[in-house]
Peer 1: 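A single structure is presented below for examination.
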Amino acid sequence: MEKLSIPKGTRDFGQIESFRRKFIIDKIQKEFIKYGFSPIETPTMENLSVLMGKYGEEGDQLLFKVLNSGDFLKNTTQKDYESGHKGFFNKISEKGLRYDLTVPFARYVVMNQHNITFPFKRYQIQPVWRADRPQRGRYREFYQCDADIIGTRSSWNEVELTLLIHDVFKSLELEDFIVKINHREVLFAMAAAADLKGKEIPFCVALDKLDKIGTEAVLSEVEGLNGNPSIVLKYLKLINEPIDEKSKIERLAKITGAQNKGYEELLSFFKGLNEFPARNFKVELDFSLARGLSYYTGMIYEVKPTKVKMGSICGGGRYDDLTGMFGLNGVSGIGISFGLDRIYDVLLESQLFPETAKGGPQVLVIHLDEMSFKHGIQLVDALRDAGISADLYPDNVKIQKQMTYANKLGIPFVLTIGSDEIAQENYPLKNMVSGETTRASLQNIIKLLNP
RNA sequence: GUGGUUGUAGUUCAGUUGGUUAGAACGCCUGAUUGUGGUUCAGGAGGUCGCCGGUUCAAGUCCGGUCUUCCACCCCA
């Protein structure tokens with residue numbers, strides 16, 4: 001028999017893992033709701049015409065395509081086959097697994113525009129798929145937790161999402177993170193001033209690698225693009241200067257020499273944060289941040305853990321015309337996406353999962369014989385009725401075995417039933433951590449377990 | 001997609017220049033303990049050495065392919 005396995009880059013989640021993932025989702029969802037977002041869901045599959053071309057050429061390759069049902073070769077010819085995989089898949093596949101939640105959301109907004117009241121705040125927590133090569137913190141199936149505000153240009157949105165990011169990580173008790181901020185227009189101004197107009201994307205890619213490959217390597221990449229390295233060197237020096245955001249923005253504006261709404265928006269963003277002096281913001285202006293997704297047009301965000309080696313755990317930004325690709329122009333929006341799987345990895349490594357986030361019953365009822373089991377049925381029902389998560393050991397086996405079971409599952413309390421207990425209606429409740437046993441009536445036990 | 005890396009018991013790993021019945025620790029099962037788990041002690045079960053093929057008298061060990069893991073690049077949650 002073939003050895004059982006699951007596809008590359010996918011994972012099974014055991015009981016504790018699942019419970020902890022649910023724990024994270026609950027926290028994020030609670031914050032989303034607190035900020036006034038409403039949930040939507042979109043299908044796992046989209047038509048390829050919706051997905052293709054939205055993530056760049058690279059992205060098209062990473063899409064999982066779904067083979068057409070039935071005789072998928074029906075409408076193909078030898079010529080199609082000879083044209084190679086890039087053309088051929090068009091003939092045999094018309095659906096694909098979603099690559100992110102933002103593009104399906106744009107499609108949803110355009111399709112349902114007449115039923116949507118703008119500004120529309122939606123959240124969406126669903127898995128996405130990418131045919132990437134798996135690595136640490138990189139999976140082929142992973143969950144995104146998105147919150148988007150669409151149909152408004154208000155600069156309050158940028159501040160609001162920053163508050164949301166901080167609240168989410170606060171509720172997860174994750175403190176070691178940094179929110180990096182930049183602006184797409186500023187990046188374009190930087191490229192233009194360095195003689196790289198029209199080559200903004202490769203410029204951004206080079207700049208984004210600064211902390212990885214260093215100043216020299218970035219400059220030589222700029223030279224390779226026929227850019228002006230002496231201007232870029234000024235950028236790189238400025239990026240690492242320990243000065244406040246306002247003067248940093250002003251100095252960059254001086255270097256690039258162009259009037260640009262990006263500078264104004266960044267200035268007003270930081271001014272907006274100052275409206276909340278009691279908040280402990282972990283925000284950093286970083287002109288080298290250049291998120292790849294091409295639909296961003298305004299401010300961009302990226303959240304990175306500072307103590308755990310891991311890529312970004314949250315990212316997003318403003319897009320002026322996301323729905324434009326589906327024919328609805330002039331609808332500005334802004335969104336962020338939390339990466340559940342990476343947040344999980346960071347919390348695990350930082351040992352931040354609370355003891356309580358593991359599930360299982362709070363009390364196990366164990367029994368010595370048939371009579372006790374029958375009594376236990378009623379007892380466990382009464383406990384559950386009182387809102388206590390309780391379980392009854394289902395088989396009539398030795399008491400050691402039942403105790404071991406409770407111990408292995410980490411069940412905090414065990415209640416034992418024998419003939420004496422049935423007669424007296426008084427039960428020993430054992431605390432499995434301290435080992436102490438308290439005898440009490442059912443009513444008092446309910447009070448003890450459910451304060 | 002390119003280059004590298006990993007795979008031996010449920011888990012983490014040993015396994016000599018190819019050479020008899022492939023080991024350890026932890027875990028698991030049974031008992032010491034027929035109304036009390038976690039500690040201790042005694043015993044026990046468990047492996048087509050990822051898969052396919054090749055070289056050889058002989059392959060866990062060498063060679064090729066394949067799958068998987070992790071890493072770098074690319075890109076990204």
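So you know, we letter chains A, B, ... as the sequences are listed, proteins then strands, and number each from 1. As the structure is a computational prediction, the values presented were derived from the model and not from experiment.
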Peer 1: In whole angstroms, how far is the P atom of C67(B) from the CD1 atom of Ile6(A)?
Peer 2: 17 Å
Peer 1: When all nucleic acid strands are considered with a 4.0 Å heavy-atom cut-off, which category describes Gly137(A): base, sugar-phosphate, or nothing?
Peer 2: base
Peer 1: Considering every strand and a 4.0 Å limit on heavy-atom distances, what is the contact class for Leu368(A): base, sugar-phosphate, or nothing?
Peer 2: base
Peer 1: Whole Å only: how far is the CZ atom of Phe169(A) from the P atom of A77(B)?
Peer 2: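 Taking atom P of A77(B) as the reference, CZ of Phe169(A) is at 13 Å.
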Peer 1: What's the CG-P distance between Asp345(A) and C76(B), to the nearest Å?
Peer 2: 20 Å
Peer 1: Once you apply a heavy-atom cut-off of 4.0 Å, does Lys304(A) come out as touching a base, just sugar-phosphate, or nothing?
Peer 2: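 The residue Lys304(A) makes no contact with any strand.
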Peer 1: For G47(B) versus C28(B), give the span between their C1' atoms, rounded off to a whole number of Å.
Peer 2: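 Rounded to whole Å, the distance is 15 Å.
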Peer 1: Whether the side chain of Arg136(A) and the base of C71(B) hold a donor-acceptor pair under 3.5 Å is what I'd like checked.
Peer 2: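 For Arg136(A), whose side chain was compared with the base of C71(B), there is no donor-acceptor pair (under 3.5 Å).
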Peer 1: At 4.0 Å (heavy atoms only), tell me whether Phe338(A) reaches a base, stays on the sugar-phosphate, or touches nothing.
Peer 2: nothing
Peer 1: Mind calculating the distance between CD1 (Ile399(A)) and P (G37(B)) to the nearest angstrom?
Peer 2: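 Whole-Å distance recorded here is 9 Å.
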Peer 1: Take atom C1' in C26(B) and the same atom in U61(B), then report the distance between them in whole Å.
Peer 2: 27 Å
Peer 1: Below 3.5 Å, does any donor atom in the side chain of Glu421(A) face an acceptor in the base of G35(B), or the other way round?
Peer 2: yes
Peer 1: Can you measure Ile25(A) atom CD1 to A77(B) atom P for me and round it to whole angstrom units?
Peer 2: 18 Å
Peer 1: For nucleotides A24(B) and G43(B), find the distance between their P atoms and express it as a whole number of Å.
Peer 2: 13 Å
Peer 1: Counting side-chain heavy atoms from C-beta on, which of G37(B), A72(B), U69(B) comes nearest to Lys430(A)?
Peer 2: G37(B)
Peer 1: Base, sugar-phosphate, or nothing: which does Cys314(A) touch, judged by heavy atoms less than 4.0 Å apart?
Peer 2: sugar-phosphate
Peer 1: Considering only C75(B), U30(B), G38(B), which nucleotide approaches the side chain of Arg138(A) most closely?
Peer 2: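 Selected nucleotide (nearest to the side chain): C75(B).
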Peer 1: Would you measure the distance from the P atom in G54(B) across to the matching atom in U16(B) and give it in whole Å?
Peer 2: 25 Å
Peer 1: Roughly how far apart, to the nearest Å, are G15(B) and C52(B) at atom P?
Peer 2: 25 Å
Peer 1: Looking for any heavy atom pair under 4.0 Å, which part of the strands does Gly435(A) touch: base, sugar-phosphate only, or nothing?
Peer 2: base
Peer 1: If we take the P atom in both G1(B) and A58(B), what is their distance in whole Å?
Peer 2: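 That atom pair is separated by 38 Å.
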Peer 1: Would you indicate what Val205(A) reaches in the nucleic acid, counting non-hydrogen atoms under 4.0 angstrom: base, sugar-phosphate, or nothing?
Peer 2: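 Answer is sugar-phosphate: Val205(A) comes under 4.0 Å of backbone atoms only.
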Peer 1: Considering every strand and a 4.0 Å limit on heavy-atom distances, what is the contact class for Gly316(A): base, sugar-phosphate, or nothing?
Peer 2: nothing
Peer 1: From NE2 of His367(A) over to C1' of G37(B), roughly how many Å is that when rounded to an integer?
Peer 2: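 Distance check: His367(A) NE2 to G37(B) C1' gives 15 Å.
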Peer 1: C71(B), G37(B), C75(B): which one has an atom nearest the side-chain heavy atoms of Glu58(A)?
Peer 2: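 Looking only at heavy atoms from C-beta outward on Glu58(A), the closest nucleotide is C75(B).
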Peer 1: If the threshold is 4.0 Å, N to carboxylate O, is there a salt bridge linking Arg107(A) and Glu46(A)?
Peer 2: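 Answer for the salt bridge query: yes.
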Peer 1: Side-chain N or O of Lys398(A) less than 4.0 angstrom from OP1 or OP2 on G31(B)?
Peer 2: yes
Peer 1: Are any of the side-chain nitrogens in Lys309(A) or Glu349(A) under 4.0 Å away from the carboxylate oxygens of its partner?
Peer 2: no
Peer 1: Starting at the 5' end of RNA chain B, which residue's closest nucleotide do you reach first, Asp420(A) or Tyr143(A)?
Peer 2: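 The residue whose closest nucleotide sits nearer the 5' end is Asp420(A).
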Peer 1: Would you call the rings of Tyr319(A) and Tyr295(A) parallel, tilted or perpendicular if under 30° counts as parallel and over 60° as perpendicular?
Peer 2: perpendicular
Peer 1: In whole angstrom, give me the gap between the C1' atoms of C57(B) and U66(B).
Peer 2: 29 Å
Peer 1: Gly311(A) near the nucleic acid: base, sugar-phosphate alone, or nothing, with a heavy-atom cut-off under 4.0 Å?
Peer 2: nothing
Peer 1: Which is true for Ser312(A) with a 4.0 Å heavy-atom rule: it touches a base, it touches only sugar-phosphate, or it touches nothing?
Peer 2: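 The residue Ser312(A) makes sugar-phosphate contact but no base contact.
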Peer 1: Quick one: which residue pairs count as a salt bridge (charged side-chain N to carboxylate O under 4.0 Å, His left out) with a foot in residues 196-214 of chain A, not counting sequence neighbours?
Peer 2: Lys209(A)-Glu221(A)
Peer 1: Tell me which nucleotide, if any, is Watson-Crick or G-U wobble paired with C62(B) when both distances must be under 3.5 Å.
Peer 2: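 Per the H-bond distance test, G54(B).
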Peer 1: Is Arg133(A) side chain donor-acceptor paired with the U2(B) base, going by distance under 3.5 Å alone?
Peer 2: yes
Peer 1: Do Arg342(A) and C76(B) have a side chain to base donor-acceptor pair shorter than 3.5 Å?
Peer 2: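 Per atom types, the contact qualifies.
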Peer 1: Can you name the residues that form a salt bridge (charged side-chain N to carboxylate O under 4.0 Å, His left out) with Lys180(A), not counting sequence neighbours?
Peer 2: Glu284(A), Asp286(A)
Peer 1: Taking the side chain of Ser419(A) as heavy atoms from C-beta outward, which of A72(B), G35(B), A77(B) is closest to it?
Peer 2: G35(B)
Peer 1: Do the rings of Tyr405(A) and Tyr393(A) sit parallel, tilted or perpendicular, given the 30° and 60° boundaries?
Peer 2: perpendicular
Peer 1: Counting side-chain heavy atoms from C-beta on, which of C76(B), C70(B), C73(B) comes nearest to Arg130(A)?
Peer 2: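 The closest nucleotide is C76(B).
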Peer 1: For the residue pair Phe120(A) and Phe105(A), categorise the inter-ring angle as parallel (less than 30°), tilted (30 to 60°) or perpendicular (more than 60°).
Peer 2: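 Plane angle between 30° and 60°, so tilted.
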Peer 1: Aromatic ring centroids of His166(A) and Phe177(A) under 6.0 Å?
Peer 2: yes
Peer 1: Any donor-acceptor pair under 3.5 Å between the side chain of Lys408(A) and the base of G37(B)?
Peer 2: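 There is none.
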Peer 1: When all nucleic acid strands are considered with a 4.0 Å heavy-atom cut-off, which category describes Gln61(A): base, sugar-phosphate, or nothing?
Peer 2: nothing
Peer 1: Look at Asp148(A) together with Lys121(A) and state whether they make a salt bridge at an N to O cut-off of under 4.0 Å.
Peer 2: no
Peer 1: Whole angstroms only, please: what is the CG-C1' distance between Asp132(A) and U68(B)?
Peer 2: 17 Å
Peer 1: Between Glu302(A) and Gly9(A), which has a closest nucleotide on RNA chain B that is more 5'?
Peer 2: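 Final value for this comparison: Gly9(A).
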Peer 1: Side-chain N or O of Lys212(A) versus OP1/OP2 of C73(B): is the shortest distance under 4.0 Å?
Peer 2: yes
Peer 1: When you measure from the side-chain N and O atoms of Gln402(A) to the phosphate of U36(B), is any distance below 4.0 Å, counting only OP1 and OP2?
Peer 2: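 Checking Gln402(A) against U36(B): no side-chain N or O falls below 4.0 Å of OP1 or OP2.
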Peer 1: If we take the C1' atom in both U6(B) and A45(B), what is their distance in whole Å?
Peer 2: 30 Å
